[in-house]
Amino acid sequence: RVLFRSSVSGNFNCSNNQLTSLEGSPKSVGRHFDCSNNQLTSLEGSPQSVGDFDCSYNQLTSLEGCPKSVGDFYCYNNQLTSLEGGPQSVGGDFYCSNNQLTSLEGGPKSVGGYFDCSYNQLINFNGFMEFWEGNIYFIGNPVQNILDLFPRDKWCKTIYWINELDRKSTRLNSSHL
């Protein structure tokens, strides 16, 4: 077992090392933490204070254990079925493409940059964030077919109204049970 420093002021790169655990990782990384291209199935032991966080190209099924606030966050090309346990505040970009997500429940509440959840299995917008600044990408998801019916500059309102209709429909259906 290798113990690393408890704090790193710059970047920390442990990618491409066939790691199966992040045990012993620094508790704090001032800039970019990169554990991509390993064999991780869990993020337990990862730093809780980071600039950017990259855990792409692993075998993750959960984001439990990752920091709750980050700059950029990359978790694409894993086996995620949920965004539960992931960061709630992303100051930059959030990339969760090429997973097995069917819902955005548990995902970030705000993203300051791009949001890319392409090539998943999303069938609705449940859990979609409350605030984002950059482009959004749903390419390769069943839900993309709905968005394609509307002009791109109207997607924000479209997602809002679809979620509102979905909530009202759920309340109506449950009141008749």
Side-chain angles (χ1 to χ4, degrees), residues 32-36 40-44 46 48 50-177:
H32 188 81
F33 178 80
D34 187 349
C35 62
S36 65
L40 299 172
T41 57
S42 168
L43 294 175
E44 295 298 329
S46 68
Q48 293 305 294
V50 297
D52 301 329
F53 192 94
D54 187 349
C55 58
S56 59
Y57 290 100
N58 278 290
Q59 299 163 16
L60 299 172
T61 57
S62 167
L63 294 177
E64 294 291 337
C66 79
K68 298 303 174 209
S69 180
V70 297
D72 292 333
F73 189 82
Y74 308 100
C75 61
Y76 55 89
N77 287 87
N78 278 288
Q79 299 165 17
L80 297 172
T81 57
S82 167
L83 295 177
E84 295 287 340
Q88 293 301 292
S89 175
V90 179
D93 300 334
F94 184 89
Y95 287 88
C96 60
S97 58
N98 295 294
N99 280 289
Q100 299 166 18
L101 300 171
T102 57
S103 168
L104 299 173
E105 295 286 345
K109 299 295 181 215
S110 67
V111 173
Y114 288 176
F115 180 80
D116 187 351
C117 59
S118 299
Y119 303 105
N120 280 287
Q121 298 159 19
L122 297 171
I123 56 173
N124 61 46
F125 298 106
N126 293 347
F128 190 69
M129 70 195 118
E130 298 163 8
F131 172 81
W132 74 94
E133 287 190 25
N135 293 339
I136 56 173
Y137 298 99
F138 290 104
I139 300 163
N141 285 286
V143 78
Q144 179 68 43
N145 297 333
I146 296 169
L147 287 177
D148 286 342
L149 298 172
F150 301 91
R152 191 170 184 82
D153 64 335
K154 303 291 188 228
W155 282 10
C156 179
K157 287 182 182 178
T158 302
I159 292 168
Y160 172 80
W161 286 111
I162 289 172
N163 277 338
E164 283 299 304
L165 288 171
D166 200 30
R167 277 191 279 279
K168 287 177 183 174
S169 173
T170 302
R171 281 193 300 259
L172 258 172
N173 289 335
S174 63
S175 69
H176 288 108
L177 295 178

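Computed from a predicted structure; not experimentally measured.
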With sequence neighbours excluded, tell me which residues meet ring pair (Phe, Tyr, Trp, His ring centres under 6.0 Å) with Y119. none
Y74-D72 side chain donor-acceptor pair, cut-off 3.5 Å: yes
How many angstroms lie between atom CG of N98 and atom CG of N78, to the nearest 0.5 angstrom? 10.0 Å
Scanning both residues in full, the closest heavy-atom pair of P142 with Q121 reads CD-C, 4.0 Å
Side chains of K109 and Q88: closer than 4.5 Å at any heavy-atom pair? yes
Measure the OG-CG distance between S56 and N77 for me, rounded to the nearest 0.5 Å. 7.0 Å
Any side-chain heavy atom of P87 within less than 4.5 Å of one from P108? no
May I ask you to test the C35-D54 pair for a side-chain heavy-atom distance under 4.5 Å? no
Tell me, do T81 and L101 make a side-chain contact under 4.5 Å, heavy atoms counted? no
N/O donor-acceptor pair under 3.5 Å between D34 side chain and S36 backbone: yes
Are I136 and F128 packed together at the side-chain level, in the sense that at least one heavy-atom pair is separated by less than 4.5 angstrom? yes
Within-4.5 Å side-chain heavy-atom neighbours: S46 and F53: yes
Let me see the working for C66 and F73 under side-chain contact (heavy atoms from CB on, under 4.5 Å), right down to the final yes or no. CA-CA 10 Å; C66 79; F73 189 82; 4.1 Å; yes
So, taking the atom named CG in N99 and the one named OH in Y76, what distance separates them when rounded to the nearest 0.5 Å? 11.5 Å
Rounded to the nearest 0.5 Å, what separates atom CD in E44 from atom OG in S62? 7.5 Å
Out of curiosity, I139 CD1 to D116 CG, how far, rounded to the nearest 0.5 Å? 7.0 Å
Student check: side-chain heavy atoms of Y137 and Y114 closer than 4.5 Å: yes
Between F125 and F138, is the ring centroid distance below 6.0 Å? yes
How far apart are the closest heavy atoms of G85 and E64, and which atoms are they? CA-OE2, 3.5 Å
Quick one: pull up SG in C96 and CG in L83 and give me the separation to the nearest 0.5 Å. 5.0 Å
Between F33 and C55, is there a side-chain heavy-atom distance shorter than 4.5 Å? no
Do Q48 side-chain atoms and G65 backbone N/O form a donor-acceptor pair below 3.5 Å? yes
Are V111 and D93 close enough, and set up right, to give a side-chain contact (heavy atoms from CB on, under 4.5 Å), and what steps lead you there? CA-CA 7 Å; V111 173; D93 300 334; 5.9 Å; no
